[in-house]
Amino acid sequence: MNARIQVQQEARRGGLVEVRVLIQHPMETGFRYDALGRQTPRNVIYNFECRYGGVEVFRAAMGAGIAANPFLRFFVRARESGTIECRWIDQENVSGSISARVTVTG
Amino acid sequence: LSASSGQGRRRRVLAALLALLALPRRAFAQPAVNPAPGVDARMLNTPQGTLQAILQGAEMRKGRVRLELPQIADNGHSVPLLVRVDSPMSDADHVRRIDLVSEKNPVPLIATFFLGPQTGRAEIESRARLNGTQRVTAIAQLSDGSFWFDAADVVVNEAACLDGS
């Protein structure tokens with residue numbers, strides 16, 4: 001699964017870090033039919049979590065109401081230098097992850 | 001004499017009318033019915049049921065939350081939305097979760113975001129699928145357990161579910 005993460009590389013201690021994640025995924029609703037009239041089974045990324053230094057800081061439980069190629073923008077409070085790691089899993093048990101490093105100064 | 005009694009009757013009618021006006025407000029304040037325990041809101045297909053599963057009988061008040069949606073969306077496949085909650089996001093006072101509920105989607109619960117003091121700022125942006133012109137509601141639960149909400153109307157020119165029939 002292709003994904004992209006955008007995080008500012010440096011942050012002040014106690015400041016905010018903006019995290020933007022874009023995942024390539026159809027977020028299949030389960031309401032569509034293919035050319036042969038067969039229903040396409042639902043397959044969405046139902047769980048997305050973000051860990052910073054091993055601690056969970058943000059989690060999203062998504063449904064078919066989130067657009068294909070889900071985009072998320074959220075904030076994390078900068079504590080110490082470390083990695084921001086995002087993991088997700090869809091209903092076909094395909095999981096993915098992407099991470100970025102943040103250097104905290106001050 | 002007859003004139004004064006007529007006035008008294010008018011007063012009584014007026015008082016009854018005022019009482020009627022006061023009644024619905026009290027009815028609104030009553031908490032919603034608690035659904036069966038363990039109901040997963042993601043499985044529900046009515047917006048009312050979804051709200052009940054989220055609130056679990058608690059009341060929600062308008063304010064503190066801001067939901068930003070475009071007024072008009074050309075199509076419902078990808079509508080940008082932004083939720084912002086007025087909260088210091090400290091250990092003592094933070095946002096626990098934010099739910100997005102659609103009025104017309106086949107599955108009303110769009111997403112649930114779980115936050116904590118480490119999230120720093122209660123602001124989330126994403127993109128939603130919307131099945132037609134409707135009102136979207138964002139419900140935030142704070143660390144003290146209280147629920148706050150904001151609703152936004154969006155005109156969707158082409159619904160997300162048209163091609164799927």
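Naming: A, B, ... by sequence-line order, numbering from 1 per chain. Both backbone and side-chain heavy atoms feed into the values below; hydrogens, waters and symmetry mates do not.
By the rule that hydrophobic residues join a cluster once side-chain heavy atoms approach within less than 4.5 Å of another member, B:Val95 and B:Phe114 end up as members of separate clusters. Under a hydrophobic-cluster definition in which Ile, Leu, Val, Met, Phe, Trp and Tyr are linked whenever side-chain heavy atoms come within less than 4.5 Å, directly or via other members, A:Phe71 and A:Met27 are assigned to different clusters. One hydrophobic cluster, built from ILVMFWY side chains closer than 4.5 Å, cannot hold both A:Phe58 and A:Phe75; they sit in different ones. Linking ILVMFWY side-chain heavy atoms closer than 4.5 Å, directly or via other members, places A:Ile23 and A:Val7 in a single hydrophobic cluster.
Among residue pairs with one or both ends in residues 18-29 of chain A, those qualifying as salt bridge (charged side-chain N to carboxylate O under 4.0 Å, His left out) are A:Glu18-A:Arg20, A:Glu18-A:Arg73, A:Glu28-A:Arg32; sequence neighbours excluded.
Looking at B:Leu82, only its side chain comes within 4.5 Å of chain A, counting heavy atoms on both sides. For a residue to count as touching a neighbouring chain, one of its non-hydrogen atoms must lie under 4.5 Å from one of that chain's; by this rule A:Ala78 does not touch chain B.
Atom CZ of B:Arg96 is surrounded by more than 12 heavy atoms from other residues, nucleotides or ligands within 6.0 Å. The environment of CZ in A:Arg13 is crowded: more than 12 heavy-atom neighbours from other residues, nucleotides or ligands sit within 6.0 Å.
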Problem - side chain to side chain contact (heavy atoms under 4.5 Å, CB included) evaluation trace for A:Leu16 with B:Met89 - result: CA-CA 12 Å; A:Leu16 291 168; B:Met89 294 305 272; over 6 Å; no
Practice task
Quick one: do A:Phe31 and B:Val107 satisfy side chain to side chain contact (heavy atoms under 4.5 Å, CB included)? Show the steps, please.
Solution key: CA-CA 11 Å; A:Phe31 297 108; B:Val107 181; 4.3 Å; yes
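Between chain A and the residues B:Ser102, B:Pro106, B:Pro80, the most heavy-atom pairs under 4.5 angstrom are made by B:Pro106. Interface summary for chain B: among A:Leu72, A:Ile66, A:Val21, the most heavy-atom pairs under 4.5 angstrom belong to A:Ile66.
Closest approach of A:Arg77 to B:Pro88, counting heavy atoms only: NH2-O, 3.9 Å.
The interface of residues 115-130 of chain B with chain A, defined by heavy-atom distances below 4.5 Å, comprises B:Leu115, B:Gly116, B:Pro117, B:Gln118, B:Thr119, B:Gly120, B:Arg121, B:Glu123, B:Ile124, B:Glu125, B:Ser126, B:Arg127, B:Ala128, B:Arg129. Proximity to chain A among residues 137-151 of chain B is not found for any residue, judged by heavy-atom separations below 4.5 angstrom. At a heavy-atom cut-off of under 4.5 Å, chain B is reached by no residue from residues 83-106 of chain A.
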